[in-house]
Each structure stands twice: as C-alpha cells, then as structure tokens.
Number of protein chains: 4
Amino acid sequence: MKNNKDFDKKDAIFKAMLELISKHGFHSSPMSEVAKQADVAAGTIYHYFKSKDELICALYVKLKQKNIENLFKNDDTAKPFKDRFRSFYLQMINEAIKNPKEFYFLEQFANSPYLSTIPKAELSVLDSPIYDFLRKAVFTQVLRDIPPKILVAFVTGSASSIIKLQLSGEFQMTSSDLELAFFTCWDGIKKA
Amino acid sequence: MKNNKDFDKKDAIFKAMLELISKHGFHSSPMSEVAKQADVAAGTIYHYFKSKDELICALYVKLKQKNIENLFKNDDTAKPFKDRFRSFYLQMINEAIKNPKEFYFLEQFANSPYLSTIPKAELSVLDSPIYDFLRKAVFTQVLRDIPPKILVAFVTGSASSIIKLQLSGEFQMTSSDLELAFFTCWDGIKKA
Amino acid sequence: MKNNKDFDKKDAIFKAMLELISKHGFHSSPMSEVAKQADVAAGTIYHYFKSKDELICALYVKLKQKNIENLFKNDDTAKPFKDRFRSFYLQMINEAIKNPKEFYFLEQFANSPYLSTIPKAELSVLDSPIYDFLRKAVFTQVLRDIPPKILVAFVTGSASSIIKLQLSGEFQMTSSDLELAFFTCWDGIKKA
Amino acid sequence: MKNNKDFDKKDAIFKAMLELISKHGFHSSPMSEVAKQADVAAGTIYHYFKSKDELICALYVKLKQKNIENLFKNDDTAKPFKDRFRSFYLQMINEAIKNPKEFYFLEQFANSPYLSTIPKAELSVLDSPIYDFLRKAVFTQVLRDIPPKILVAFVTGSASSIIKLQLSGEFQMTSSDLELAFFTCWDGIKKA
DNA sequence: TATGAATGAGCGTTCATTCAT
DNA sequence: TATGAATGAACGCTCATTCAT
C-alpha cells in the first residue's frame, strides 16, 4: 500500500510537469527543471515514470479523467435534459477557466503527436461519459439525429474554442455571454 | 526582387518544416533534418530566417493566411447568407481534409506557447476576414446577436473538432454527415 | 560463523554478477540488476561488499582459485610428468568449456584495468600451483630450460586461445583435435 | 576527397580514445574526456562516428588491421619457412611491446562483449593473413597437420600471453628469452 | 549567397551508493 | 541484517546556431 510520501512525490512531479508544460511547452520543460520544482532529485522521477514521454502521457490521462469526471459532478438525472446539458456545457467552460494550466496542457497534448501514442481504445474510454451522455439523448429524440461522435466533437470543440477566447484575455465573458454560448450550442443540437 | 531560386529555397524550407512538424512535432524536427529534406545546407536556412522559432512563426502566418483566403475562395456575396455560410463552413472542413499536414501544423501551433509569441494585433488581422464575415451578419440580423468573437470561436472551434474526428480515421464522414454538421452549426447561430 | 542464509545471499550475488558480466560486460551490469537477479535488495549487496569494484574483484579471486584448484583435481603425482601435464592441459580446456561464463568473466577481468587493482603478490599466489607444477618439471629436466614464468604464459596462453576458438562456435573441436593441441604444446615445452 | 584537417580530427579522436581505454577501460573513458584530449568539441565526435560503440569498434578494426599488416612487414618469402615464422613470431611480440596501448586496447576489446558485435566474416578477413600464412605451411608439410584455426589460436595465444608477461613489468625478457619462446612455439608446431 | 564542419550548452537518462526504516 | 526509495553526479548524445571558406 502506498503511503502518503509516495503520493506526495508522484503528485509533486505531476504538478511540476503540468506547471512547466502549460507555461513553456513540452520541449522547454526539461526533467531537471521538473525535478527542481517538484523538490526531488532528477533520478527520483524515474522511479515513478519510465521516461519523460511516459510521465507526460500519464499526466494527460490523469487530468483528462479528472476533467471529465468533474463535468458531471452536478449532473442531476432527474432534471430535463436541457438543464442537464446546460449544466454540463457551462461546467466545461468553468472548469477550464478555474484550471487554466490543466486546460492548456490538455489542449497542447491533444494537438500534438503525443496523442497518437496513446491507444485509441484508451482514449475512447476516457471520452465515453460524454459520448454516452449525448448518445442517450439522441436515442430519446431529445437531440438531433446526428452520429454521436460528431455531436461530441461539435459540442466539445465549440466549448474549447470559447474557453481559449476567454483565457486569451482578449475577451472577458460575462455570465450572460456564457448563457448565449450555451443557447447557441443547444439550438444547434436540439431536436427541432 | 526575389528570383525564382530564392523562392524555391525558401519554399523548400517551409515545406520541409511543415512536413516534419506535422508528423513529429516541434521537438523532433531538428534544423539539420529540415535542411536535409529541403536539400539545402543547414546554414542556408539562417540566411532566410533568424532562428528556428522565427521560421516556425513565419510558416504559421503564411499557412494561416493561405487557409483563410481559401475559405472565401468560392464566396458569392450575391447569395443569401445561409448559402454563403454553408459554403464557408464546408470549405473549412474540406480544406483541412485536403491539406491535413497544414491543418495539423496550424492546430499544433495554435495550441502551443508559440502562439503567444505573435502579437495579438497580427493574429487579429489574420482572423479578420472571418470576423468581418460573421459580424456583418450579426449586424444585419441574419445571425443571433452574440459578440462576434464568441461567434467566430464557436464556428471555428466546432469545425476544427469535426475535422480532427475525420482525420483521426476514427470516423468516416459522408457528405450527408457534413450537411448535418453544417445544419447543427447554422441552427445554433442563426437568428431565431 | 556464517550461517546458510549468509552463504546463500553472498553466493546469489556472486552468481548474478557473474551471469551479467559474462554476458554484458562490466558496464551494462548495473548493481540494481545484480540485486534483482540475486533476489536481494540493492542495499543488501553493500552489506557484503564495500563497492561494485570490490565485489567484482572478490568474484575474480574466488573463481580464479576455484578454477586453478580444479586443474589439479585429477593430478596423480605417481604418474609420469607427461601424463600429468596432458591431464592438466586438457582439464584447462574442458573446465572452461563446461563453465563458459566463468571463463569469459576471468578473461574479461584479466584483460581489463581491473587486474592491476589487485596486488601482484595476491595474483602470484593464485597462479602459484601452476607455476610450481611447471617449475619442478624444469628443475627435473623433464621440460625445456625456460624461465618458468614464460612457460606458464606459453601454456596457459595457448590454451586460452584454443578455448576461445571452441567457445566462439566457429570451430567444433573433436577429442582428437584436443589431443593434437596437447601434443603441440607438449612438443614445444618438453626437453628435447 | 578528405583534406588534412579531416584526417587530423578523426585521428585525434581515435588517438584520444585509444589512450583513454588502454589506461582506464571502456567505461571509464567518457566521450567528454575523449573530446578534451582530442581537442575537439563533444559534438564533433558525432560527425565522424554514430556512437561511442561505433567509434570503439572502428578503432578496433583499424588497429587490428594495422597490427596484422605489421606482422608481415619483414616477411621474405624467399627464406625458409622457419626463418619466416621466427620473424613473424618475434614481430608479434616486438610490435606489442613497442605499442603497448594498442596491444592493451586490442586485448581488452577481444575479451569483451564488444567483439561479438562485429560480424564474424569481418573478423575472419582481418585474421586471414595469419591464417593463410600458417595454412600454406601445413599444406606443404612444413608444419604439423593441425586444423589451421587451432594453429592460429595456439601461436597467437601463446604470444599474447608472453607479451602480457613482459608488459606487466613482472618479468624482463632478454633477447635470448625471446629466442627460447620462439623455439618453444616452433618445436610445438613444426612437422616432426 | 551558400556551405557544412564545428561548436558546446543542455538534454534525457543511468546507476553506484546511501540511509531511514 | 535487510530493505528499496531516494539521491545527484556523470554519462552519451542532440541540435540550434555560427563562421571560415
């Protein structure tokens, strides 16, 4: 059984790598700096991870999982789907705005050759909660009859883009902007 | 005035860098390899570009410009806006599918710390054709009254995401899928 | 007095190091791997040996001693010297062929800078049985009157080389080949 | 065509590696030290050699070739074979004594796992002059009818061992000792 | 302009050794 | 004794960049 110290070290390494990559990118985040920021020796990282690449991939899976879990944190299946979707959509945006480093890391990873080093099956599992959420709503004719994969892409892609806009500092979104964004998405995907 | 040879060399360098980065990412695309693929000496690259970063940024601007120009290639201002938008939306997707390397490069760049090294003003200029296109349609009440920046983010983000789905090989989109995607977007953004 | 467990551990460490070095050489035989193969913790090795170098040197001395003892296992001082020498010479070759790992280790060590870290006096003691064996035969005029050290070098060197030929797999020696090898050596060193 | 400077650099690297390995062994001869001794930058070595291992192997082949060529430098095919062999045998010893670093390097290499990384065919070619020299003498019935490979092993092995004795400083060989060594070998291999 | 050998700082990683448990 | 996580110096190697030609 792992003790607290173990968790501390591994988590410190994850945190340091996240910090660095989100700010400087993959290739300006040397292991030596990760070690320094995590307050461990360089060699220690290699007790927990085989290589830099493996560390980065493990970090991606961990953060992606956490992120997706959080999207459904407030999901109330008793509510009408529209409400549930609204909560989900706004949560996507709010989570990212509250955790910009994690968002930047995830986007950077997902748009790099790293992504293709992770087996598709594993990626599917990560995404499956979103996929299931929307697929069911297609099935119950609450949502437009579009292939669920396209639906997922549409919804997450538009949200990502809006998040980037906000995080770029170029545009400060008010809550009514968020509401507008939600409706824009909803009116696109809902059953006519 | 630049002669043909100059163009050839510079273009060969651009092409080689595009090839490498789209496949292997920024790191794993050494200048020596670029030189080899471009069939020039390593030093030659530095006659055209101050540094690797500058070359990469110049490539981004060049490709982004070309890409955006192409989106309006078939724009017919005489047509109803819905038709024009349909053409624009499908063109976004088709251009990317026809030029996957360019798409991958642009996405990788835009989701990396490189992006923030380019002045915001310069980026705005690049995006302005899309911005103007949609802003006018908001003004003329064809589109929902949303801040144009959000609108641009929504439209391009959803398209990007759908393109990645297609390019990933995970899902083969038919032309009716594309049509569905267009309607999904359109129904979201059109004036109710 | 050492208990069985001690012997087991120490021997397991020796065995693991032998295995690794004979196959991969001194470098490419990390202590962590020795520990793994010996089924002990890395730190445990340092209870038995001060350092990697000391372990390697101790292994050399141990194996060299064992090896030389074995050469005289069947020595029958009642027999004519020629017979005794024949037995000795063939035993050198057979021992090595039966224990190739030990042979490779010993040769690798003896041809490396490690050898010179062992005091010459200690090495002399190890070799002395062979030295005495041949020196006496020079004294009794059975062997050519050559400085015994040269004699030892000649005999052991030719045997080593023949062993390597056999172990390389390049040449399969029959028993008549071995007999020929013995005669070649014998005719060289015997008193005319 | 390679200019002098090229030769100088490559040779300086070879020389530095030889110097270091002969004295400290493979794993205490870091590339950084080679670079320093050769008076080139660390990276420069990698223009000439793909890796440390490749450099070491190339050095082996180069020195082995040179060494074997030298053995026949004074060969006079007009002379009786016994004289030719005497010249060859003493040359083996003298060459090594004059070039102890090269001898140590070659022995260290030949008794390490490095040797097996060189294709057997390539090694055969290197040895073939010695092989041919002795094989012919077996054929013409000047030498004992032993498989030539065994003969080569016997002759070179005994010589190597005698060289090590001399270089160890443990025993100073006079020219009459050398003469004795030659006769010991010759009487062993000559046709009775 | 064009070359490509040369540079050397800096990278990812290894591994002999230590020490708190 | 025995453990094995932790250390950090040192390794082999890469690669953006320079400069003599």
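Order of the sequence lines fixes the chain letters, A, B, ..., with proteins taken first and strands second; residue numbering starts at 1 for each chain.
A ring-centre distance under 6.0 Å is not found for Tyr48(C) and Phe14(C). In summary, the aromatic rings of Tyr114(A) and Phe26(A) are positioned with their centroids under 6.0 Å apart.
Although no hydrogens or angles enter the test, the distance criterion places a donor-acceptor pair under 3.5 Å between the side chain of Lys52(C) and the main chain of Ser29(C). Remark: side-chain polar atoms of Thr44(A) are not paired, donor with acceptor, to backbone N or O of Val40(A) under 3.5 angstrom.
Between the side chain of His47(A) and the base of dA6(F), a donor-acceptor pair under 3.5 Å is found.
Proximity of Lys52(B) to the phosphate of dC15(F): no side-chain N or O atom is located under 4.0 Å from OP1 or OP2. Note on Tyr48(A): a side-chain N or O is less than 4.0 Å away from OP1 or OP2 of dA6(F). When the side-chain nitrogen and oxygen atoms of Ser32(C) are compared with OP1 and OP2 of dC15(E), none of them lie within a distance under 4.0 Å.
To the nearest angstrom, P of dT18(E) lies 16 Å from CZ of Phe49(C). As rounded to whole Å, 10 Å separates atom P of dA16(F) from atom CD1 of Ile21(B). Taking atom CG of Asp53(A) as the reference point, atom P of dC11(E) lies 16 Å away to the nearest angstrom. Between the CD atom of Glu33(B) and the P atom of dT17(F) there is a distance of 17 Å, given to the nearest Å. The distance from atom CE of Met31(B) to atom P of dT3(E) is 14 Å, rounded to the nearest whole Å. Residue Lys36(B) contributes atom NZ, which lies 15 Å from atom C1' of dT3(E) at whole-angstrom precision. Atom CZ in Phe26(A) sits about 13 Å away from atom P in dG12(E), given to the nearest Å. The distance between atom CG of Asp8(C) and atom C1' of dA2(F), rounded to the nearest whole Å, is 15 Å.
The side chain of Ala41(D) approaches dT7(E) more closely than any other nucleotide in the set dT3(F), dT7(E), dT7(F). For Lys9(D), the listed nucleotide lying nearest its side chain is dA6(E); candidates were dA6(E), dA5(F), dT7(F). Of the candidate nucleotides dA5(F), dT17(F), dT7(F), dT17(F) has the atom lying nearest to any side-chain atom of Ser51(B). For Thr44(C), the side-chain atoms get nearest to dA2(F) when compared with the rest of dT7(E), dA6(F), dA2(F).
Checking dA2(E) for Watson-Crick or G-U wobble geometry (two distances, each under 3.5 Å) identifies dT21(F) as its partner. Judged by Watson-Crick or G-U wobble contacts below 3.5 Å, the nucleotide dG12(E) has dC11(F) as its partner.
Mapping Ile45(A) and Ser29(B) onto DNA chain F by nearest heavy atom places Ile45(A) at the nucleotide closer to the 5' end. In terms of position along DNA chain E, the nucleotide closest to Gly43(B) lies nearer the 5' end than the nucleotide closest to the other residue of the pair Gly43(B) and Tyr46(A).
Summarising the geometry of Pro113(A) relative to Gln108(B), their closest heavy-atom pair is CD-OE1, 3.5 Å, with the distance given to 0.1 Å.
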